[in-house]
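Structure, as structure tokens:
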Amino acid sequence: MSKLAIQLPGLSMKNPIMPASGCFGFGREFADLYNLNQLGAIAIKATTEEMRFGNPTPRVAETPGGMLNAIGLQNPGLENVINKELPFLSEYDVPILANIAGTKTEDYVRVAEQVSKAPNVTAIELNISCPNVKEGGISFGTDPNIAAALTKAVKEASEVPVYVKLSPNVSDITEIAVAVEQAGADGLSMINTLLGMRIDLKSEKPVIANRTGGLSGPAIKPVAIRMIYEVSQRVSIPIIGMGGIHSAEDVLEYFLAGASAVAVGTANFVNPYVCPEIIEELHEIMSEKRIDHISDLIGRSWKSCYSPSLSR
Amino acid sequence: MSKLAIQLPGLSMKNPIMPASGCFGFGREFADLYNLNQLGAIAIKATTEEMRFGNPTPRVAETPGGMLNAIGLQNPGLENVINKELPFLSEYDVPILANIAGTKTEDYVRVAEQVSKAPNVTAIELNISCPNVKEGGISFGTDPNIAAALTKAVKEASEVPVYVKLSPNVSDITEIAVAVEQAGADGLSMINTLLGMRIDLKSEKPVIANRTGGLSGPAIKPVAIRMIYEVSQRVSIPIIGMGGIHSAEDVLEYFLAGASAVAVGTANFVNPYVCPEIIEELHEIMSEKRIDHISDLIGRSWKSCYSPSLSR
Amino acid sequence: MTIVHNRQIANQIFEMTFTGELVSKMTEPGQFLHIRVGDQVIPLLRRPISICDVDLEEKRCTILYRAEGEGTKLLSNKRVGDSLDVLGPLGNGFPLHSVVEGETAILIGGGIGIPPLYYLSKQLVQRNVRVKHILGFATRKDAFYVNKFEQLGETAVTTIDGSLGYQGFVTDYVNHENPAFDVLFTCGPTQMMKAIEEQMNPNRGYYSFEERMGCGIGACFACVCPVKNDSTGHEYRKVCSDGPVFPQGVIQL
Amino acid sequence: MTIVHNRQIANQIFEMTFTGELVSKMTEPGQFLHIRVGDQVIPLLRRPISICDVDLEEKRCTILYRAEGEGTKLLSNKRVGDSLDVLGPLGNGFPLHSVVEGETAILIGGGIGIPPLYYLSKQLVQRNVRVKHILGFATRKDAFYVNKFEQLGETAVTTIDGSLGYQGFVTDYVNHENPAFDVLFTCGPTQMMKAIEEQMNPNRGYYSFEERMGCGIGACFACVCPVKNDSTGHEYRKVCSDGPVFPQGVIQL
Ligand SMILES: Cc1cc2nc3c(=O)[nH]c(=O)nc-3n(C[C@H](O)[C@H](O)[C@H](O)COP(=O)(O)OP(=O)(O)OC[C@H]3O[C@@H](n4cnc5c(N)ncnc54)[C@H](O)[C@@H]3O)c2cc1C
Ligand SMILES: Cc1cc2nc3c(=O)[nH]c(=O)nc-3n(C[C@H](O)[C@H](O)[C@H](O)COP(=O)(O)OP(=O)(O)OC[C@H]3O[C@@H](n4cnc5c(N)ncnc54)[C@H](O)[C@@H]3O)c2cc1C
Ligand SMILES: Cc1cc2nc3c(=O)[nH]c(=O)nc-3n(C[C@H](O)[C@H](O)[C@H](O)COP(=O)(O)O)c2cc1C
Ligand SMILES: Cc1cc2nc3c(=O)[nH]c(=O)nc-3n(C[C@H](O)[C@H](O)[C@H](O)COP(=O)(O)O)c2cc1C
Ligand code: FES
Ligand code: FES
């Protein structure tokens, strides 16, 4: 067990695997399938101050090796999350990473303030990168100064550590990463979805009602790996890596790139048991390859002094 | 035949299909497989002033639904291209789009000046977006002012129309597109590759010797479609669309998004006969769906007044 | 699950039967299965397909599907003996208790919406409910399972071109014949169900909905649809886990 | 091409035979085929695999491959009767004219570099060239085609653990036995070929190279390797279209 245990700000994890925000709801559906205590942590669906209905349907479309989504931050609102969803999850011994979203800085601040008081919320994931909400959201993710200012405001309001979730739709992600680190972020989540579109040949219109959607799944893994490789060399806060993870081998690739934990998103739709399966597979690989601790792998693709262990 | 003929600045095409730069060399290898006269145009490998060896190997890696490459602009240099490669292609009745690259503005200008004088070069593709060259290259593609200045300089030097090939690795591609249009670009090529990486679990190092590479293939199609959809609504110059095209249906999707012609890259490696096959398939679809002319489809996903024809 | 057979039965329509332990849970008509059509990440997402028939003793389940897109075409290439990755049964089906012995249920299906009605009809007949079927197809070539439905009860068929049965849409038939019934069960294109609701406005009516899905289990909010006459603008139901079958008046058709 | 058989013959090593018109072009040993392993875009790229044996009359070609990665594993799942998408034969193989009747050719292969030497050896024997084989494997379990090579000529086998034949690397064997030869043909890991070159420094030697490929036909510049002692720094050869076999001294080992 201890070979996989990871300690990150606010997140004391049995293993480095958590379901990604938006791909696991608030855990209820998966709790019917397996014991959530197996998970390293849980990133819950983005929470906004008010309840949101989100975008019209269709909200998802399939693409080669990936999918597009434009849910539009549908969620039951802060009050319901605090009074109904989080108490359900408190039955489990799993740290919760509360993904928060908003339109204005004040929205974010209020949600952070409230949600960080919930007893089982041990960290906040500041979603400055949702591509599917028109106002706000995305611009927070592309301008380093705005991103830094928001991070600072949320840090002040939050009672728990704050991870900033970065958008890949930028010219230079290291710039944003460095800015939010300096503004006090305790960690980074990388990456959110790439902005994409599919057009239906029959209707001649975008498949997704919102027109554009966020691209996730295996197709984006090389982009995520590249960004984590770059950012992890520039910051000293930990990175939760995500984008197309489907197997324990994918997890190892993320660690080598520079991630300290990972989130599994779209793969939960393909195989709802994927998280516990990856955790088990990881245990096996640790023994097989005689890796002392998974944290030994962090950033090893760019760290110069090391003895390769995966090839043993 | 005429249902597919497309007239673009400098490119008088029998059909809207051309092989993409870098995926077709200078045509020799494919000339052994089929008659190049079938093609709408040919985009040749990036030409630099001096001969370049490019990056160390491995230069390619496979990813889910895509591939990474870091060839590093290997090419025989301006002189050889003009004296050996272009004369070979002049045997064919196909317009040539000469992809040019460089490190400094002056490099680009000199190559444009010379290559645009070759009798069968009917247009230039200004590669401001190659992710695999360290100096220059990429920064030309991310800063609208630098991109505009380069476009202007090359426009002045070139005797043929200039298409600017845009990088998808930017926060706002419309901004760059508008800037180069204003600087005099005759058209746009979209998109070049996304910057990505794969790490080998055995060596624990990036698979590609250059570490990062450009991601191409079906995986990136949704990103390209989204960008063309956005840009085509903001500029009035034509767009050559590319990214993951493998079939005639993909071509239609690009036209609906806003492209006026397309380039087929990676698919040539999967099936070297893909270009003539797509052209034939397109002819069939035109009759089947009773589309009068393929140009009727351009941008139809966002143009408000139209009668859907593909669903007939 | 292991595939027992997979064959074409009408224009683009395939019938697949598979067997496995999971079948013993497939007791509720109108529920669906979330099927992985390939072994690789292309196509990535599962396909929702309704349960069409179940043999609980033999642990066999039958589905009917239209091989039209990438995923369903792959499904049609599967061979006998291949294994099939099935998640389910999922969602809430047609409530059998909504109709009692001696009453008449009318089952109206359009095209590939017809399959779940077969398992429903079989179970209603077992409960001594009288069943009437109205099955709408585009043409004779697209028709399937007509004989099977006829064995269970009165069955009217409509085709748009009149090549089989009544010429027109199911709604034209209903308009013309005005069949008597106690409960309505329907599955098909939303346009069809909307017309049926307006025309028949039943006291007891159950509608099976379709929506593009991600997870299929209620976690991703992909498949939501707005509630009828909702003043707040926030109310919704998930087709995958609250539906796919909803009673009259719940969902905005 | 249609698959005639596909079976495991050693640890992870598969032998596949297929038939088709294209085979009649496969006359040059050392050429390779570019094989599409799936029908979908995952895995995207073709896999280069050497021609191991050809029956021109029956139009059958045999390849041997190690099912290790995603693509070769998929290849190992193909069944008899399945069709196979093959591009080739590609590249330039071993020059048969470099050795004449009565001379001795030594063929040294390591692991999965051994297959092309089989077709080469057969053709050399036909031309009355004397052949000696040195085949290196990791262990007895990994060894394949030893009998087949023995039928063509003197064959030494080495294994790292000594579980079959001489214990050590092929170079250890060469060091020890110092076999006489006129021409060297070799294929295997670059490290092995480098050691062989240094040790044997033949007048006539031919080396078969491996490099990751895109197109396989010379168009993409993926597979280049630098030329030996090139002062300009610009000179290169493409493994796919100039090679994969190069004469002694051309490529920097
Ligand atoms: C509850 C439910 C029950 C269904 N039962 C049946 C059935 O019994 N038989 C049958 O043939 N079809 C049924 N469908 C429709 C079936 O799911 C789609 O036809 C199928 O998913 C299309 O996949 P494809 O690979 O052919 O198309 P593609 O175009 O490759 O599909 C691309 C993506 O869009 C989704 N999609 C496309 N069309 C639909 C659609 N109409 N509804 C939902 N998602 C769609 C796919 O699931 C996939 O994610 C049902 C749908 C739902 C929601
Ligand atoms: C000219 C030539 C002849 C060859 N002949 C044979 C043969 O007869 N039998 C055999 O088993 N192998 C042979 N190989 C090696 C074979 O091509 C690789 O083992 C195979 O491509 C690996 O594919 P994979 O799906 O198992 O691995 P993956 O890891 O899934 O491959 C990913 C990508 O890397 C490439 N790649 C991985 N390893 C290699 C490699 N060693 N060389 C080139 N590309 C690689 C793949 O082609 C693919 O594009 C040959 C290689 C070359 C260049
Ligand atoms: C349906 C869906 C909904 C998502 N909702 C959210 C969200 O609410 N907040 C958020 O930060 N990210 C959201 N994401 C992004 C994921 O958390 C993750 O960053 C991304 O999907 C990449 O990981 P993957 O490829 O494993 O899915 C969502 C992704 C999907 C597919
Ligand atoms: C091996 C390879 C080499 C390439 N070389 C060039 C180049 O020299 N100049 C250029 O502008 N684009 C180059 N590209 C990018 C392609 O022209 C094209 O923009 C990109 O690959 C997307 O299209 P695709 O998905 O169809 O391959 C190259 C792409 C590949 C795969
Ligand atoms: S498909 Fe995910 S909530 Fe219904
Ligand atoms: S693989 Fe493309 S040039 Fe050799």
Exercise. Is it true that atom OH of B/Tyr92 has more than 12 heavy atoms of other residues, nucleotides or ligands lying nearer than 6.0 Å?
Worked result: yes
Exercise. Can you tell me if D/Arg212 uses its side chain to pair, donor with acceptor, with the backbone of B/Pro58 under 3.5 Å?
Worked result: no
Problem set entry | D/Ala219 to B/Phe30 - nearest heavy-atom pair and separation | CB-CE1, 3.5 Å
Exercise. Side chain of B/Arg59, backbone of D/Phe221: donor and acceptor closer than 3.5 Å?
Worked result: yes
Problem set entry | Under 4.5 Å from any heavy atom of chain B - which part of D/Ile217 | both
Problem set entry | Other residues, nucleotides, ligands: >12 heavy atoms within 6.0 Å of D/Lys78 NZ | yes
Problem set entry | Residues, nucleotides or ligands: over 12 heavy atoms within 6.0 Å of D/Lys228 NZ | yes
Exercise. Take atom CD in D/Gln8; do more than 12 heavy atoms of anything else shown fall under 6.0 Å from it?
Worked result: yes
For this session: Evaluate the side-chain proximity of D/Lys238 to B/Glu29: yes if any heavy-atom separation is below 4.5 Å, no if none is.
Result: yes
For this session: Would you give the length of the straight line joining atom CZ of B/Phe24 to atom SG of D/Cys215, rounded to the nearest 0.5 angstrom?
Result: 11.0 Å
Exercise. Side chain, backbone, both or neither: which part of B/Pro272 has a non-hydrogen atom closer than 4.5 Å to chain D?
Worked result: side chain
Problem set entry | Which portion of D/Gln40 sits near chain B, non-hydrogen atoms under 4.5 angstrom | neither
Exercise. Any side-chain heavy atom of B/Phe53 sitting closer than 4.5 Å to one from D/Val224?
Worked result: yes
Exercise. If you measure from CG on B/Asn271 to CG on D/Leu87, what distance do you get to the nearest 0.5 Å?
Worked result: 8.5 Å
Problem set entry | Which atom of B/Val60 lies closest to which atom of D/Ala222, heavy atoms considered | CG1-CB, 3.6 Å
Problem set entry | Toward chain D, the part of B/Pro64 with a non-hydrogen atom under 4.5 Å | both
Problem set entry | D/Asp39 atom CG, over 12 foreign heavy atoms within 6.0 Å | no
Problem set entry | More than 12 heavy atoms of other groups within 6.0 Å of B/Glu277 CD | yes
Exercise. Is there a donor-acceptor pair closer than 3.5 Å between any side-chain N or O of B/Glu62 and the backbone N or O of D/Leu44?
Worked result: yes
For this session: Step through the shown structure and confirm whether more than 12 heavy atoms of other residues, nucleotides or ligands are within 6.0 Å of CD on B/Glu91.
Result: yes
Problem set entry | Non-hydrogen side-chain atoms of D/His34 and B/Phe269 separated by less than 4.5 Å | no
Seminar exercise, completed: Ranked by heavy-atom pairs below 4.5 Å to chain D, first place among B/Gly217, B/Pro76, B/Pro218 goes to B/Pro218
Exercise. Does a sphere of radius 6.0 Å around CD in B/Glu281 hold more than 12 heavy atoms from other residues, nucleotides or ligands, not counting ones at 6.0 Å or beyond?
Worked result: yes
Exercise. How many angstroms lie between atom SG of D/Cys220 and atom CE of B/Met67, to the nearest 0.5 angstrom?
Worked result: 6.5 Å
